[in-house]
Amino acid sequence: MFGNFKGLCASTALLLASVSMAGAAEYTFKLHHFLSPKAPAQTKMLEPWAKAVEENSGGQVKIEIYPSMSLGGRPPELVNQARDGVVDLVWTLNGYTPGLFPRTEVMELPFVFLDDPRAANLALYDMFKSDLEVEYKGLEVMFLHVHAGAGLHTRDKEVRSPVDMAGMRIRTPSRTGAWVIEALGASPAAMPVPELPTALQKGVIDAAFIPWEIIPPLKIQEQTEYQIEGAGKARFGTSVFQVSMNKGRWEGLPADIQKAFRDASGPEWWAKVGEVWRATDDFGIGLAVKSGNKHITLSDEETAVFKEALAPVVEKWTSEVSKKGIDGNAMVAKAQALISKHSE
């Protein structure tokens, strides 16, 4: 009987050890990004996505998130940090590396993107394999997304027409954003978004093109008086972001682990991310108004004047990308058609 008891204990110990080993994460990934740990990008997007991947893997995967460039470098270096394998995963803004993702820029163009990040994300999903994937060499894209679009935040000037913007110095998120600013008679100033509060406070810039969702984490309401957008929440373009993995790390993963990532990154998730960014944007503008800022929604007529002024930006982009053998007009038409389809 005693021998049977010893055998039972040994079997139980072996079983517990195997359960413990099965529960331990076998694959750990470092995800690096440029905003704070309290930013909605982390709390409402990156953390839920990481948790979904971990659960899909049955506990084999652990994703460690490193915010605020805590692993070193500056935001424009994130793409190469992933490509070079310095980190496993990054969340970054495509516009930090101008010209590197020219096809994807189609979604940034004014009046291609209007006011619906969910529809834009699904359009990006539909276009990815056929039109965009070629740009992401050295990377395995988990998902792309836009934010709710570039609204105009001014320190102390009410703007209702392009004429009002003449001579202003305005922060741009990307090269297409710079073209928008130039078309409106102002001067672009490129800088990562974490540098924005100080630049506004010191008067280095007069305004910025950013979404409303940036207001709470950077306290933009304290450095500005006006938030301005077009009729029907139309924005002056948007920005595209990516969550991508080092290609070599991806290719070294077994099929079941790859599936855990893919299942967390399907079209339903791309759509959900759009909804998250719309909700955080609405919260941001609400905070600004509550703080005493003036939220200006342009009339249809005022918006039409901006649209006419910005038409050359789309023409400039199509001309630029044609030099790389890209049919920009076809991509604009495709993006607009897909956005319309997913907005219905």
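As the structure is a computational prediction, the values presented were derived from the model and not from experiment.
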message: Could you check whether any side-chain N or O of D300 sits under 3.5 Å from a backbone N or O of A231, counting only pairs where one atom can act as donor and the other as acceptor?
response: no

query: How many angstroms lie between OG in S187 and CG in D206, if you round to the nearest 0.5 Å?
result: 9.0 Å

Closest approach of I65 to A50 (non-hydrogen atoms, all atoms of both residues): CD1-CB, 4.5 Å

statement: Closest non-hydrogen atoms of I326 and P102, given as atom of the first, atom of the second and distance, are CD1-CG, 4.1 Å

field: Check: S291 side chain, L287 main-chain N or O, donor-acceptor pair, under 3.5 Å
entry: yes

- prompt: Got V314 and W179 here, is their nearest side-chain heavy-atom distance under 4.5 Å?
  reply: no

message: Strictly distance-based, threshold 3.5 Å: is any side-chain N or O of E302 a donor or acceptor partner for the main-chain N or O of G230?
response: no

message: Distance alone, cut at 3.5 Å: any donor-acceptor contact between the side chains of W317 and T176?
response: no

- prompt: Can M245 and V90 be said to form a side chain to side chain contact (heavy atoms under 4.5 Å, CB included), step by step?
  reply: CA-CA 7 Å; M245 185 185 293; V90 295; over 6 Å; no

query: If we only count heavy atoms from C-beta on, is the M168 to V159 side-chain gap below 4.5 Å?
result: yes

Minimum heavy-atom distance between T172 and A178, given as atom pair plus value: OG1-N, 2.9 Å

- request: Could you tell me whether a side-chain N or O of R83 sits under 3.5 Å from a main-chain N or O of K137, the two making a donor and an acceptor?
  value: yes

message: Main chain of A186, side chain of R169: is a donor-acceptor contact present, judged purely on distance under 3.5 Å?
response: no

message: So I214 and I220, do their side chains get closer than 4.5 Å, heavy atoms only?
response: yes

field: Test log, rule side chain to side chain contact (heavy atoms under 4.5 Å, CB included), inputs W277 and M45
entry: CA-CA 9 Å; W277 285 77; M45 180 182 71; 3.4 Å; yes

field: Minimum heavy-atom distance between D282 and I285, given as atom pair plus value
entry: O-CG2, 3.3 Å

task: Please indicate whether K307 has more than 12 foreign heavy atoms, meaning atoms of other residues, nucleotides or ligands, lying under 6.0 Å from its NZ.
output: no

- prompt: Do any N or O atoms from the side chain of E54 and from the backbone of I63 form a donor-acceptor pair under 3.5 angstrom?
  reply: yes

query: Just wondering, do S239 and P173 contact through their side chains at under 4.5 Å, heavy atoms?
result: yes

message: Tell me if a side-chain donor or acceptor on H32 pairs with a main-chain N or O of L78 at a distance below 3.5 Å.
response: no

- prompt: Any ion pair linking R235 and D281 (charged N to carboxylate O, less than 4.0 Å)?
  reply: yes

Side chain to side chain, K62 and F29, heavy atoms closer than 4.5 Å: no

task: Give a yes or no on whether M127 and V243 share a hydrophobic cluster (residues Ile, Leu, Val, Met, Phe, Trp, Tyr; joining criterion: side-chain heavy atoms under 4.5 Å apart).
output: yes

- prompt: Do L132 and M331 have side chains that get closer than 4.5 Å, going by heavy atoms?
  reply: yes

- prompt: Any side-chain heavy-atom pair from F306 and P162 closer than 4.5 angstrom?
  reply: yes

- prompt: Taking NZ, NE, NH1 and NH2 as the nitrogens, is one of them in E195 or R171 under 4.0 Å from a carboxylate oxygen of the other?
  reply: no

Side chains of V53 and W49 in contact at under 4.5 Å (non-hydrogen atoms): yes

- prompt: Of the options W212, Y226, F209, which is the one that meets H153 in a ring pair (Phe, Tyr, Trp, His ring centres under 6.0 Å)?
  reply: W212

- prompt: Quick one: does S340's side chain have a donor or acceptor within less than 3.5 Å of a partner on Q336's backbone?
  reply: no

query: Testing H145, H147, E108 for side-chain hydrogen bond (donor to acceptor under 3.5 Å, both in side chains) with T238, which one passes?
result: H147

- request: Give a yes or no on whether a salt bridge exists between K233 and E229, defined as a side-chain N under 4.0 angstrom from a carboxylate O.
  value: no

message: Can a side-chain donor-acceptor contact be found between D88 and Y27 if the only test is distance below 3.5 angstrom?
response: no

- prompt: Does a side chain donor of either N293 or T224 reach within less than 3.5 Å of an acceptor in the other side chain?
  reply: yes

query: Any chance NZ of K334 has more than 12 other-residue heavy atoms, nucleotides or ligands included, within less than 6.0 Å?
result: yes

message: For a salt bridge (charged side-chain N to carboxylate O under 4.0 Å, His left out) check, start with the C-alpha distance between K157 and E225, then their side-chain angles and the critical distance, and finish with the verdict.
response: CA-CA 8 Å; K157 186 173 185 179; E225 293 183 18; over 6 Å; no

query: With a 4.0 Å cut-off, would you call R118 and E275 a salt bridge?
result: yes

message: Checking ring pair (Phe, Tyr, Trp, His ring centres under 6.0 Å) between F241 and each of W270, F101, W91, F143, which is the one that passes?
response: W91

message: To the nearest 0.5 Å, what is the distance between CZ on R249 and CG on L139?
response: 15.0 Å

- prompt: Linking I/L/V/M/F/W/Y whenever their side-chain heavy atoms sit closer than 4.5 Å, directly or via other members, would L100 and V240 fall into one cluster?
  reply: yes

- prompt: Quick one: CG on L218 to OG on S36, what's the gap to the nearest 0.5 Å?
  reply: 7.5 Å

message: Please tell me whether E64 and T28 have a donor and an acceptor in their side chains that are separated by less than 3.5 angstrom.
response: no

- prompt: Distance-only, no hydrogens or angles: does the E213 side chain make a donor-acceptor pair with backbone N or O of R278 under 3.5 Å?
  reply: no

query: So, E47 and Q42: side-chain donor and acceptor under 3.5 Å apart, yes or no?
result: yes

E158 bridged to K294 by N-O distance under 4.0 Å: yes

field: Lys/Arg N to Asp/Glu carboxylate O, R262 vs E140, below 4.0 Å
entry: yes

field: Euclidean distance, T154 OG1 relative to Q227 CD, rounded to 0.5 Å
entry: 7.5 Å

query: Looking only at heavy atoms, which two atoms of G85 and N246 are closest? And how far apart?
result: N-ND2, 3.3 Å

statement: P188 and I181 have their tightest heavy-atom pair at N-CG2, 3.6 Å

message: Ignoring hydrogens and geometry beyond distance, is a side-chain donor-acceptor pair present between Y96 and S174 at under 3.5 Å?
response: no

query: Would R175 and E105 pass as an ion pair if we require N to O under 4.0 Å?
result: yes

task: In plain terms, say whether E133 and R103 are close enough for a salt bridge, that is, a side-chain N and a carboxylate O under 4.0 Å apart.
output: no

